**Q** 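After the structure tokens below, expect a handful of questions from me.
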Amino acid sequence: MGKALDGVRILDFTHVQSGPTCTQLLAWFGADVIKVERSGEGDITRGQLRDIPDVDSLYFTMLNHNKRSVTLDTKSEQGKRVLEKLVKHCDVLVENFAPGALDRMGFTWERIQELNPRMIVASVKGFGPGPYEDCKVYENVAQCAGGSASTTGFDDGPPLVTGAQIGDSGTGLHLALGIVAALYQRKTTGRGQKVLAAMQDGVLNLCRVKLRDQQRLARTHVMKEYPQYPGKFGSAVPRAGNASGGGQPGIIVKCKGWETDPNSYLYFIAQAPVWKAICNVIGKEAWITDPNFATPDARLPRLKEVFAAVEHWTLTKTKFEAMELLNQHDIPCGPILSMEELAAEPSLRATGTVVEVDHPTRGKYLSVGNPIKMSDSPTEVRRSPLLGEHTDEVLAELGLGQSEIHALRAQRVI
Ligand code: COA
């Protein structure tokens with residue numbers, strides 16, 4: 001069966017996490033992704049957080065599936081000539097170097113356009129144009145600069161970063177969308193274009209509801225669904241702990257076994273349409289008609305009392321027992337699943353969201369497969385390439401003969 005991006009060639013100049021997330025998705029959609037790496041070490045993540053000596057790390061293998069790897073010294077004159085051929089050969093160049101690195105290499109937007117006017121040049125940078133545009137940025141910097149950290153955590157504690165890689169993987173996702181849109185537009189214009197996804201912008205986009213709340217706060221000075229209510233609010237959106245971001249109040253409650261299992265918790269949502277069912281399940285039937293609890297507005301200043309009663313009930317159940325019982329009444333809730341539980345979850349294996357991959361030097365390992373499922377473009381997750389595994393193959397496709405390839409190798413260009 002064909003794939004959505006069959007025939008699209010990507011010059012993948014990405015490293016670490018944000019850019020590789022993007023090009024991995026494109027590869028899963030069928031693009032031919034040619035990863036260009038420095039000879040010797042390659043993408044720095046190959047050697048980072050290694051669990052097996054001298055074997056590509058999980059950091060690398062889990063972000064570079066379905067790609068081909070070419071080693072090339074793109075700062076040498078011969079390397080630049082090969083890179084020019086690659087620019088002419090490919091549809092999209094994706095990079096997440098520090099600001100200015102591509103220009104310093106001699107591959108400015110203008111130069112790339114001269115070589116291939118159809119080329120789409122897609123970049124992840126830490127910040128968009130402005131005072132910080134020259135800064136190098138990593139995940140947690142983006143979380144802090146994009147509004148996530150100031151709105152995550154508890155009111156009486158410091159700002160917190162989240163485990164979800166919204167700065168790196170989140171921005172990679174944004175960039176992938178920009179690239180497919182640019183490929184679509186190119187069908188009518190015949191031209192490439194620049195696509196930029198800044199990590200600060202990507203994080204702020206994912207924190208959109210908090211900018212919504214900033215404006216509500218400025219107008220009304222309180223936000224009734226926040227745990228601070230009915231107390232005092234400052235001028236900026238406060239950290240809301242585990243309170244639900246939407247109009248339906250929610251919280252994390254303890255379940256049976258929480259004393260020894262750090263993940264024996266459940267997210268519980270006191271959704272208004274099922275209030276009667278909630279009262280029945282937790283044994284608070286009187287609250288169905290009690291004017292202090294019967295309506296969502298009446299409950300807002302009493303949410304602590306409501307959730308204490310819910311927890312009193314959940315403490316008698318495991319998170320899975322509680323979920324099963326609550327689901328029988330359509331009460332929205334979710335168990336706090338550990339990575340250990342997710343790795344073993346059969347339904348995620350069945351859909352290919354968690355896959356086992358075989359690697360020649362590492363052996364079998366688990367990875368997250370393509371979270372986007374397409375009926376006409378199924379994903380087969382193939383292992384990440386070894387460093388330079390496809391150098392000869394790709395150079396031959398560019399028209400280089402065996403003797404030229406040998407000469408480049410002798411001069412350590414590849
Ligand atoms: N051959 C020769 N040189 C190469 C090369 C190759 N194949 N590939 C890369 N290089 C060079 C670059 O040209 C650059 O050289 P220069 O600084 O002399 O211009 C150099 O390697 C290092 O690249 P850089 O991107 O600066 O790496 P770094 O390790 O110093 O910084 C980041 C890493 C992630 C902080 C930085 O790349 C960055 O801010 N990227 C944008 C934001 C981003 O994606 N951050 C999240 C990462 S998950």
Side-chain angles (χ1 to χ4, degrees), residues 11-25 34-49 57 59-60 62-64 67-87 93-108 111-112 121-130 132-146 148 161 164-176 178 194-203 385 387-388 390-391 394-395 408-409 411-414:
L11 198 179
D12 180 8
F13 239 154
T14 69
H15 63 159
V16 202
Q17 184 181 167
S18 64
T21 300
C22 166
T23 50
Q24 176 168 263
L25 279 167
I34 303 167
K35 183 164 174 119
V36 177
E37 300 179 75
R38 240 185 297 213
S39 313
E41 59 181 307
D43 186 327
I44 194 168
T45 61
R46 284 186 186 267
Q48 284 179 330
L49 309 177
S57 69
Y59 195 179
F60 178 85
M62 290 178 70
L63 285 162
N64 290 285
K67 304 180 186 178
R68 298 197 282 172
S69 167
V70 168
T71 53
L72 187 65
D73 176 2
T74 58
K75 285 192 171 165
S76 69
E77 280 317 309
Q78 296 108 310
K80 280 183 195 187
R81 282 204 287 280
V82 175
L83 189 57
E84 284 176 4
K85 284 184 192 292
L86 272 167
V87 169
L93 184 159
V94 191
E95 61 93 20
N96 69 313
F97 292 129
L102 204 56
D103 292 357
R104 287 193 290 279
M105 221 182 260
F107 287 80
T108 59
R111 177 74 187 123
I112 293 170
V121 179
S123 306
V124 170
K125 293 289 166 260
F127 293 93
Y132 306 121
E133 64 187 314
D134 291 331
C135 299
K136 286 184 175 179
V137 169
Y138 283 105
E139 170 70 46
N140 288 347
V141 176
Q143 288 196 26
C144 294
S148 177
V161 294
Q165 304 288 284
I166 58 176
D168 280 341
S169 289
T171 308
L173 265 164
H174 282 93
L175 191 70
K194 283 188 271 188
V195 181
L196 170 67
M199 294 168 75
Q200 181 184 42
D201 301 12
V203 172
L387 180 59
H390 305 95
T391 305
V394 171
L395 264 49
L408 289 173
R409 183 156 288 123
Q411 287 154 342
R412 309 186 79 78
V413 174
I414 58 172

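All ligand and atom numbering here is 1-based and tracks the order in the structure. Predicted model only: the values in this text are computed from it and were never measured.
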**Q** Please assess Y138 against M199 for the test side chain to side chain contact (heavy atoms under 4.5 Å, CB included), listing each intermediate value before the final yes or no.
**A** CA-CA 9 Å; Y138 283 105; M199 294 168 75; 5.9 Å; no
**Q** What do the steps show when you test L11 against L83 for side chain to side chain contact (heavy atoms under 4.5 Å, CB included), and what is the final call?
**A** CA-CA 9 Å; L11 198 179; L83 189 57; 4.1 Å; yes
**Q** Under 4.0 Å from a heavy atom of L72: give me the atoms of ligand 1 that qualify, with their elements.
**A**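 Near L72, the atoms of ligand 1 are 1 (N), 6 (C), 7 (N).
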**Q** Does E139 reach ligand 1 with a nitrogen or oxygen that is under 3.5 Å from one of the ligand's nitrogen or oxygen atoms?
**A**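 No.
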**Q** Could you tell me which non-hydrogen atom of H15 sits nearest to which non-hydrogen atom of D43, and how far apart they are?
**A**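 Heavy-atom minimum between the residues: CA-OD2, 3.4 Å.
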**Q** Below 4.0 angstrom from a heavy atom of D73, which ligand 1 atoms are there? Numbered from 1 as shown, please.
**A**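 So the answer, numbered in order with elements, is 1 (N), 2 (C).
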**Q** To which protein heavy atom is atom 36 (C) of ligand 1 closest, and what is the distance rounded to 0.1 Å?
**A**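 Minimum-distance protein heavy atom for atom 36 (C) of ligand 1 reads A98 N, 3.6 Å.
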**Q** Taking the side chain as C-beta and beyond, is there a heavy-atom pair between V70 and I414 under 4.5 Å?
**A**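 No, their side chains stay 4.5 Å or more apart.
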**Q** Starting from atom 6 (C) of ligand 1, what is the nearest protein heavy atom, named by residue and atom, and what distance separates them?
**A**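 Result for atom 6 (C) of ligand 1: T74 OG1, 3.2 Å.
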**Q** Is the shortest N/O to N/O distance between K136 and ligand 1 below 3.5 Å?
**A**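 Looking only at distances, the answer is yes, because the N/O contact criterion of under 3.5 Å is met.
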**Q** Could you check whether any heavy atom of S18 sits closer than 4.0 Å to an atom of ligand 1, since that is the contact criterion I want to use?
**A**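 Right, S18 reaches ligand 1.
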**Q** Examine the side chains of T71 and E37 and answer whether a donor and an acceptor come within less than 3.5 Å of each other.
**A**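 No donor-acceptor contact under 3.5 Å links the two side chains.
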**Q** Is it the side chain, the backbone, both or neither of Q17 that has a heavy atom closer than 4.0 Å to ligand 1?
**A**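 Looking at Q17 and ligand 1, atoms from backbone and side chain both fall under 4.0 Å.
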**Q** Provide, to 0.1 Å, the distance between atom 32 (C) of ligand 1 and the closest protein heavy atom, together with that atom's residue and name.
**A**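 Here the closest protein heavy atom is Y138 OH, 4.0 Å.
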**Q** Give yes if a backbone or side-chain nitrogen or oxygen of F13 is under 3.5 Å from a nitrogen or oxygen of ligand 1, and no if not.
**A**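 Not met; the criterion fails.
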**Q** Kindly indicate whether the side chain of C22, heavy atoms from C-beta on, has any atom under 4.5 Å from the side chain of V94.
**A**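 Contact flag for C22/V94 side chains = yes.
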**Q** Verify, without hydrogens or angle tests, whether Q24 (side chain) and N64 (backbone) share a donor-acceptor contact under 3.5 angstrom.
**A**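 Yes, the answer is positive, given that a donor and an acceptor are paired below the 3.5 Å cut-off.
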**Q** Please confirm whether the backbone N or O of F97 pairs with a side-chain atom of E95, one donor and one acceptor, at under 3.5 Å?
**A**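 Here the side-chain-to-backbone pair exists.
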**Q** Could you tell me, atom by atom, which parts of ligand 1 come under 4.0 Å of a heavy atom of A101?
**A**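 Those atoms are 19 (O).
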**Q** Write out the residue and atom name of the closest protein heavy atom to atom 27 (O) of ligand 1, then the distance separating them to 0.1 Å.
**A**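 Heavy-atom neighbour on the protein nearest atom 27 (O) of ligand 1: H15 CE1, 3.6 Å.
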**Q** Number the atoms of ligand 1 from 1 as they appear, then name those within less than 4.0 Å of a heavy atom of V124, with their elements.
**A**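 Per the distance check, 41 (C), 44 (O).
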**Q** For atom 21 (O) of ligand 1, which candidate among R38, K75, M105 holds the nearest heavy atom?
**A**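 Nearest heavy atom to atom 21 (O) of ligand 1 lies in R38.
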**Q** For ligand 1, which is the ligand I care about here, please tell me if D168 has any N or O atom under 3.5 Å from one of the ligand's N or O atoms.
**A**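 No - when backbone and side-chain N and O of D168 are compared with those of ligand 1, no distance drops under 3.5 Å.
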**Q** Can an N or O of G126 be found at a distance shorter than 3.5 Å from an N or O of ligand 1?
**A**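 Min N/O separation from ligand 1 is not below 3.5 Å for G126.
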**Q** Which one of D168, T45, N96, T171 satisfies the side-chain hydrogen bond (donor to acceptor under 3.5 Å, both in side chains) criterion with Q17?
**A**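 Output: one option passes, namely D168.
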**Q** Of the listed options (I44, N96, V137, D134), which comes nearest to atom 39 (O) of ligand 1 when hydrogens are ignored and any heavy atom counts?
**A**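 Among I44, N96, V137, D134, the closest heavy atom to atom 39 (O) of ligand 1 belongs to V137.
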**Q** Does Q200 reach the side chain of V137, with side-chain heavy atoms less than 4.5 Å apart?
**A**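 Side-chain contact under 4.5 Å: no.
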**Q** Are any non-hydrogen side-chain atoms of L93 and L102 less than 4.5 angstrom apart?
**A**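 Answer yes - side chains close enough.
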**Q** Look only at the side chain of K35 and the backbone of P20, and say whether a donor-acceptor pair between them is shorter than 3.5 Å.
**A**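 Side chain of K35 to backbone of P20, a donor-acceptor pair under 3.5 Å: no, none is there.
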**Q** Would you check if H174 and D201 make a side-chain contact, meaning some heavy-atom pair closer than 4.5 Å?
**A**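 No, side chains not in contact.
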**Q** Can you pull out the closest protein heavy atom to atom 23 (O) of ligand 1? Residue, atom name and distance to 0.1 Å, please.
**A**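 For atom 23 (O) of ligand 1, the nearest protein heavy atom is F97 CD2, 4.1 Å.
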**Q** Considering only heavy atoms of E37, which atoms of ligand 1 have at least one such atom less than 4.0 Å away?
**A**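 Answer, ordered by atom number: 7 (N).
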**Q** Provide the number and element of each atom of ligand 1 under 4.0 Å from a heavy atom of V16.
**A**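 Heavy-atom distances to V16 below 4.0 Å select 47 (C), 48 (S).
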**Q** At what distance is the nearest protein heavy atom to atom 17 (O) of ligand 1, and which residue and atom is it?
**A**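 Result: R104 NH2, 3.5 Å.
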